[in-house]
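Scroll down for the structure; my scribbles are underneath it.
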There are 2 protein chains.
Amino acid sequence: MTFLNCNNDSPKCFIRNILTKREQKIADREVELLNVAEAIMAHEGFSGLTMDKLVASCDYSKGTVYNHFSNKEDLFCALCIKSLRIIISQTKRALAFEGTLREQCLALCYVQRLHSQLHPTLFLCVLLAKTPAVQERASVGRLALQSELEQEMTLLVDAMFAKALDEGEIAQASEGHIENLTFTMWSVSFGANALLIGAREAKAIERLNGDKALLFNLNALLDGIGWQPLSQSWDYHATWQRIEKEVFAAEVAALQG
Amino acid sequence: MTFLNCNNDSPKCFIRNILTKREQKIADREVELLNVAEAIMAHEGFSGLTMDKLVASCDYSKGTVYNHFSNKEDLFCALCIKSLRIIISQTKRALAFEGTLREQCLALCYVQRLHSQLHPTLFLCVLLAKTPAVQERASVGRLALQSELEQEMTLLVDAMFAKALDEGEIAQASEGHIENLTFTMWSVSFGANALLIGAREAKAIERLNGDKALLFNLNALLDGIGWQPLSQSWDYHATWQRIEKEVFAAEVAALQG
DNA sequence: ACCTGAACACCGTTCAAGT
DNA sequence: ACCTGAACACCGTTCAAGT
């Protein structure tokens, strides 16, 4: 069972780049299974996604599905990985946005916001995957890949802050540790988006327009670390709209359509 | 079945303050059931908490447990309510902390941090409860109570910001809407704590000391809205430790013991 | 008026038999 | 070397019978 490596504690098949035809077929099937799983989850929520329904909604047997995902937690971990892959690929696009470094930083946050709206359940999988149940039961190979992708994402953000510090755009006082800055931006972005997902129900938030609230947060935070130009001397609402149009027009259209 | 009102769409028994002896007995049993449920969840995670295990771990039958919680999602909603009640009661204690208004704001954030460490799974229930599955299946009465408590919590924080604006401690530019400020603080605090819960696993964060990271976030954010005194002219690490000692010494001891 | 637990449909997981 | 689906243990939920 060659590809059992995928969920039986060796990350081999993830690391190798060139796949045999058989491996390719299996990889394609995994993409298909994850698409089906995401669709079920989108319609019926976390608890609505069952292995039985996944099997019933595809053309493979239980055994085959279990060859891909060693258990249900492993499936959630795979969905978290899918989520991270989307975020990373869009983050790379966002880094090509033309503007000041602080505007690029907004573009990174825009990615999170967009993702939380296009794939709300997938977005929450990243949190779910940190839950003890998933960490204890998912396959070692997949957990390693998850960790690797989180690392990659962190390095992308670290690099952006390093550049901003290097060019003197962030106040000296905040220099301390780049990982503090990365964690800060991540937690603000994550916290706001997670809370906004439940916004319809939570009276405390429903009165707010999500994008405005998030931008308010980001302006306050980035002003707080002294990142030039400050929000009082730059129209970051305009930047936000420019990001939308220039980088993610297609995705926003999908969101509205 | 008098008390079926509790989970059959009338919030009667939650609103009334004076309980008959029978109602009191039922309320006590509910507290007991929730303690058992929390203990199971703490040991075995979200998916480890099953109705079967809850029944097996207490002295009541399935039917009785189902008289309290109309389904599993209703149980999660009840745990979310328990979480909110703890947070609100500690928030009220935090508001009595002697210091500047900005220091009181830190005390409110300290509550969230402490709660996320003392009851990590309960803390995440507040997020879980916003998930469509819970919102669609929990009893109407309990959802109303959840919403009511979120409202109460929001008003407490709103009032603190209103006072700070009133006394001129927050920069004019941030006046806009108080609910923006409340949302900001909530999302930073929530986001950071949620990410820190998974810190052992997430390589991106494990290098950080949680409290330091959170305080860095809060200093940046509160500086960003121009809340006096700014972090450069006040030692908020000392404040953090003062909150720990003067308000939550007992809870911190429980955490370490 | 409330409690009980047997009963049933559904879910997660395995594995002997097949190709 | 991989796929299949029957089989089984466990879980969520109900409800007729009991007190």
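Remember, predicted model here, so these are calculated numbers, not experimental data. Each chain gets a letter, A, B and so on, in the order the sequences are listed, and its residues count up from 1.
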Fill in: Options C/dC3, D/dC3, D/dT13, nucleotide nearest the side-chain atoms of B/T64
C/dC3
Discussion item. Any donor-acceptor pair under 3.5 Å linking the side-chain atoms of B/S83 with those of B/H115?
Written reply: yes
Worksheet item: What is the distance from NZ of A/K62 to P of C/dG12, rounded to the nearest Å?
Response: 8 Å
Worksheet item: Nearest-Å distance, CD (B/E73) to P (D/dG12)?
Response: 9 Å
Practice prompt. For DNA chain C, list all stems, counting runs of three or more consecutive pairs where every pair is Watson-Crick or G-U wobble with both distances under 3.5 Å.
Written response: C:4-8 with D:12-16, C:12-16 with D:4-8
Worksheet item: For DNA chain D, what residues of residues 38-51 of chain B have any heavy atom nearer than 4.0 Å?
Response: B/T50, B/M51
Discussion item. Assuming nearest nucleotide by heavy-atom distance, tell me which of A/K53 and B/D59 is located more 5' along DNA chain C.
Written reply: B/D59
Worksheet, complete the sentence: Minimal heavy-atom distance between A/T50 and A/K72, with the atoms involved, is CA-CE, 4.5 Å
Worksheet, complete the sentence: Rounded to whole Å, OH of A/Y66 lies from P of D/dA7 at a distance of 18 Å
Practice prompt. Would you please indicate yes or no on a ring centroid separation below 6.0 angstrom for A/F190 and A/F123?
Written response: yes
Item to complete: Mind listing the closest non-hydrogen atom pair of B/T91 and B/L108 along with its distance?
Response: CG2-CD2, 3.5 Å
Fill in: Rounded distance (Å) that lies between atom P of C/dC3 and atom NE2 of B/H68
7 Å
Worksheet item: For B/Y60 and D/dT19, what is the distance between atoms OH and P respectively, to the nearest whole Å?
Response: 20 Å
Worksheet item: Rounded to the Å, how far apart are A/K25 NZ and D/dC3 P?
Response: 7 Å
Worksheet item: Given A/E30, which of A/K82, A/K25, A/R142 fulfils the salt bridge (Lys or Arg N to Asp or Glu O under 4.0 Å) condition?
Response: A/R142
Worksheet item: For A/T121, which of A/H43, A/E44, A/E38, A/M41 qualifies under side chain to side chain contact (heavy atoms under 4.5 Å, CB included)?
Response: A/M41
Response to the item:
Rounded to whole Å, NZ of A/K72 lies from P of C/dC11 at a distance of 9 Å
Worksheet item: Can you name the one residue among B/D52, B/L33, B/I40 that meets side chain to side chain contact (heavy atoms under 4.5 Å, CB included) with B/S57?
Response: B/I40
Discussion item. On DNA chain C, compare the nucleotides closest to A/D52 and A/G63; which residue's is nearer the 5' end?
Written reply: A/D52
Item to complete: May I ask you to evaluate whether B/R22 reaches the phosphate of C/dC3, defined as a side-chain N or O under 4.0 Å from OP1 or OP2?
Response: no
Worksheet item: Can you name the nearest heavy-atom pair linking B/V134 to B/A129, along with the distance?
Response: CG1-O, 3.6 Å
Worksheet item: What's the shortest heavy-atom distance between B/L79 and B/C125, and which atoms?
Response: CB-SG, 3.9 Å
Item to complete: Figure out the CZ/C1' separation between B/F76 and D/dG12, and round it to whole Å.
Response: 12 Å
